[in-house]
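Beneath this line is the structure, given in structure tokens, with notes to follow.
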Amino acid sequence: METETATPWLNDIEQCAWRTHLEVNKLLTYQLEKDLQPFGLTMNDYEILVNLSEAEGLRLRMSDLATATLQSKSRLSHQITRMENANLVRRENCESDRRGLFAVLTEHGLETMKKVAPHHVASVRRHFIDLVPEGGLEGLREALGPVAQHLRGER
């Protein structure tokens with residue numbers, strides 16, 4: 001493929017690595033979503049439940065939750081509305097900032113998290129962890145860590 005600019009095209013190894021990454025990302029996300037369906041959850045739901053379950057007081061400011069889950073505030077608001085309808089979370093006003101809101105994990109949300117987490121971890125193991133050759137996880141972390149750090153800086 002020729003172009004007027006000096007585009008540094010991907011060589012065969014780079015192209016293969018990139019396309020394998022894309023394929024694994026899509027297939028793994030699809031499978032993990034599929035494995036959450038019997039619980040009536042999406043990956044976004046589960047990620048929100050995880051963040052809230054790990055937060056002090058089982059609550060996070062909506063703006064912090066949007067940042068943690070890489071969602072726009074608008075998209076997160078719609079997501080939280082759906083999760084409120086399922087009694088997984090509730091919103092609470094922030095006393096120190098009248099415009100601020102917290103997303104709070106409900107008792108039902110915490111029970112759901114406790115029920116689903118073992119199944120999700122088993123799915124992650126079955127479809128990812130157990131398939132990476134011994135020693136590969138550390139190499140994977142070392143290889144992808146700088147990419148994640150760079151992309152966090154781009155936000």
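Computed from a predicted model, the values in this text were never measured in an experiment.
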Salt bridge (charged side-chain N to carboxylate O under 4.0 Å, His left out) between Arg82 and Asp45, intermediate numbers included: CA-CA 9 Å; Arg82 288 191 298 277; Asp45 296 333; 5.7 Å; no
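- In this structure, the side chain of Ser123 does not engage the main chain of Leu32 through any donor-acceptor pair within 3.5 Å.
- Side chain to side chain, Asp35 and Gln31 meet the donor-acceptor criterion of an N or O pair below 3.5 Å.
- Leu49 approaches Gly109 most closely through the heavy-atom pair CD2-O, 4.3 Å.
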Criterion salt bridge (charged side-chain N to carboxylate O under 4.0 Å, His left out) on Arg90 and Glu92, from CA distance to verdict: CA-CA 7 Å; Arg90 70 177 180 275; Glu92 288 183 359; 2.9 Å; yes
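- In this structure, Gln79 CD and Leu88 CG are separated by 10.0 Å, a value rounded to the nearest 0.5 Å.
- Interatomic distance, CG of Leu41 versus CE of Met113, reported as 9.5 Å (0.5 Å rounding).
- Within a 6.0 Å radius of CZ in Phe39, more than 12 heavy atoms belonging to other residues, nucleotides or ligands are found.
- The hydrophobic clustering, which links ILVMFWY residues whose side-chain heavy atoms are closer than 4.5 Å, places Met83 and Leu76 together.
- Counting non-hydrogen atoms of other residues, nucleotides and ligands closer than 6.0 Å to CD of Glu107 gives a total of 12 or fewer.
- Using modelled atom types, no side-chain atom of Ser77 and backbone atom of Ser74 make a donor-acceptor pair closer than 3.5 Å.
- With hydrophobic clusters built from ILVMFWY side chains whose heavy atoms lie under 4.5 angstrom apart, Tyr30 does not share a cluster with Val24.
- Summarising the local packing, CG of Leu151 is surrounded by more than 12 heavy atoms from other residues, nucleotides or ligands at distances under 6.0 Å.
- For the residue pair Ala117 and Tyr46, the shortest heavy atom distance occurs at CA-OH, 3.4 Å.
- To the nearest 0.5 Å, atoms CG (Leu137) and CD (Glu134) are separated by 10.0 Å.
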Derivation and outcome, side chain to side chain contact (heavy atoms under 4.5 Å, CB included), residues Thr106 and Glu111: CA-CA 9 Å; Thr106 63; Glu111 289 305 314; over 6 Å; no
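- Environment of CZ in Arg125: sparse, with no more than 12 heavy atoms of neighbouring residues, nucleotides or ligands closer than 6.0 Å.
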Stepwise side chain to side chain contact (heavy atoms under 4.5 Å, CB included) test for Thr20 and Cys16: CA-CA 6 Å; Thr20 300; Cys16 182; 4.0 Å; yes
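- Annotation for His108 and Ala86: closest pair CD2-O, 3.4 Å, computed over non-hydrogen atoms.
- With rounding to the nearest 0.5 Å, the separation of CG in Leu52 from CG in Leu110 is 10.5 Å.
- Leu65 and Val104 fall into different hydrophobic clusters, where Ile, Leu, Val, Met, Phe, Trp and Tyr are joined by side-chain heavy atoms under 4.5 Å apart, directly or via other members.
- Proximity of a side-chain donor or acceptor of Glu14 to a complementary backbone N or O of Asn11 within less than 3.5 Å is detected.
- Leu70 is not connected to Ile48 by any chain of hydrophobic side-chain contacts under 4.5 Å among Ile, Leu, Val, Met, Phe, Trp and Tyr, and they are in different clusters.
- Closest approach of Arg61 to Gly100, counting heavy atoms only: NH2-CA, 3.8 Å.
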Arg91 vs Ile80, side chain to side chain contact (heavy atoms under 4.5 Å, CB included): CA-CA, chis, key distance, verdict: CA-CA 8 Å; Arg91 291 177 222 232; Ile80 292 296; 3.7 Å; yes
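- Within 6.0 Å of atom CD in Gln149, 12 or fewer heavy atoms from other residues, nucleotides or ligands are found, so the atom counts as exposed in its surroundings.
- Side-chain contact, Arg19 with Gln15: a donor N or O sits under 3.5 Å from an acceptor N or O.
- Hydrophobic clustering, with ILVMFWY side chains joined whenever heavy atoms are under 4.5 angstrom apart, groups Val89 together with Leu58.
- Note that the CD atom of Glu54 and the CG atom of Leu60 stand 10.0 Å from one another [nearest 0.5 Å].
- Scanning both residues, Leu140 and Phe128, for their nearest heavy atoms gives CD2-CZ, 3.5 Å.
- Counting heavy atoms of neighbouring residues, nucleotides and ligands inside a 6.0 Å radius, atom CG of Asn25 exceeds 12 of them.
- In plain terms, the two heavy atoms of Gln71 and Arg75 that are nearest each other are OE1-CG, 3.5 Å.
- A distance-only check finds no donor-acceptor pair linking the side chain of Gln37 to the backbone of Thr42 [under 3.5 Å].
- A side-chain donor-acceptor contact under 3.5 Å links Glu33 to the backbone of Met43.
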